Amino acid sequence: MKFKIRQLGLFNGLWGEAAKSIRSMRKDAGLTQSQLGQKLIPAVDQATISNWETGKTPVPLTSYFLICFICGFSPEEQTKQLLDSQQTENKRN
């Protein structure tokens, strides 16, 4: 049971980092939430992007990778940064 709880905590932490990453990539690309949402396939509204950025709802993995491409970032590098930041956080706790 402890292992499942720990896995859930890791998962939630990872999506929290992904939320920060989405906001950062979008701003670096000079896009508004609405503009980014219109570029996704399928397109999503501004509220969906906002929910992803605040961590209210997890971003689907395929959408996360597409956001990386749209904003000019390598999905591999962004994912590595997410995992590295999560490992650093886990070492502190």
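Along the sequence shown, residues are numbered consecutively beginning with 1. Source: prediction; values computed, not measured.
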Inset, instruction - Start with the C-alpha gap between Ile67 and Lys39, add the side-chain angles, then the distance that decides, and say whether side-chain contact (heavy atoms from CB on, under 4.5 Å) holds. - result: CA-CA 9 Å; Ile67 289 168; Lys39 292 178 181 283; over 6 Å; no
Inset, instruction - Could you tell me whether Lys20 and Glu53 make a salt bridge, using a distance below 4.0 angstrom between a side-chain N and a carboxylate O? - result: no
Legend entry - Side-chain heavy atoms of Pro58 within contact of Trp52, under 4.5 Å: no
Inset, instruction - Please check if any side-chain donor atom of Asn51 sits under 3.5 Å from a side-chain acceptor atom of Thr48, or the reverse. - result: no
Legend entry - Result of checking Leu36, Asp28, Leu66 against Cys71 for side-chain contact (heavy atoms from CB on, under 4.5 Å): Leu36
Legend entry - Separation between CZ of Arg26 and OG1 of Thr32, rounded to the nearest 0.5 Å: 7.0 Å
Inset, instruction - Calculate, to the nearest 0.5 Å, the distance between atoms NZ and OG belonging to Lys56 and Ser50 respectively. - result: 6.0 Å
Inset, instruction - Take Tyr64 and Met25 through the test side-chain contact (heavy atoms from CB on, under 4.5 Å) and record every step on the way to the result. - result: CA-CA 11 Å; Tyr64 181 78; Met25 287 189 291; 4.0 Å; yes
Legend entry - Exam field: side chain Gln38 to backbone Gln35, donor-acceptor pair closer than 3.5 Å: no
Inset, instruction - Quick one: closest heavy-atom pair of Ala19 and Gly55, and the distance? - result: CB-N, 3.9 Å
Legend entry - Joint hydrophobic cluster, Val59 plus Phe69, side-chain heavy atoms closer than 4.5 Å: no
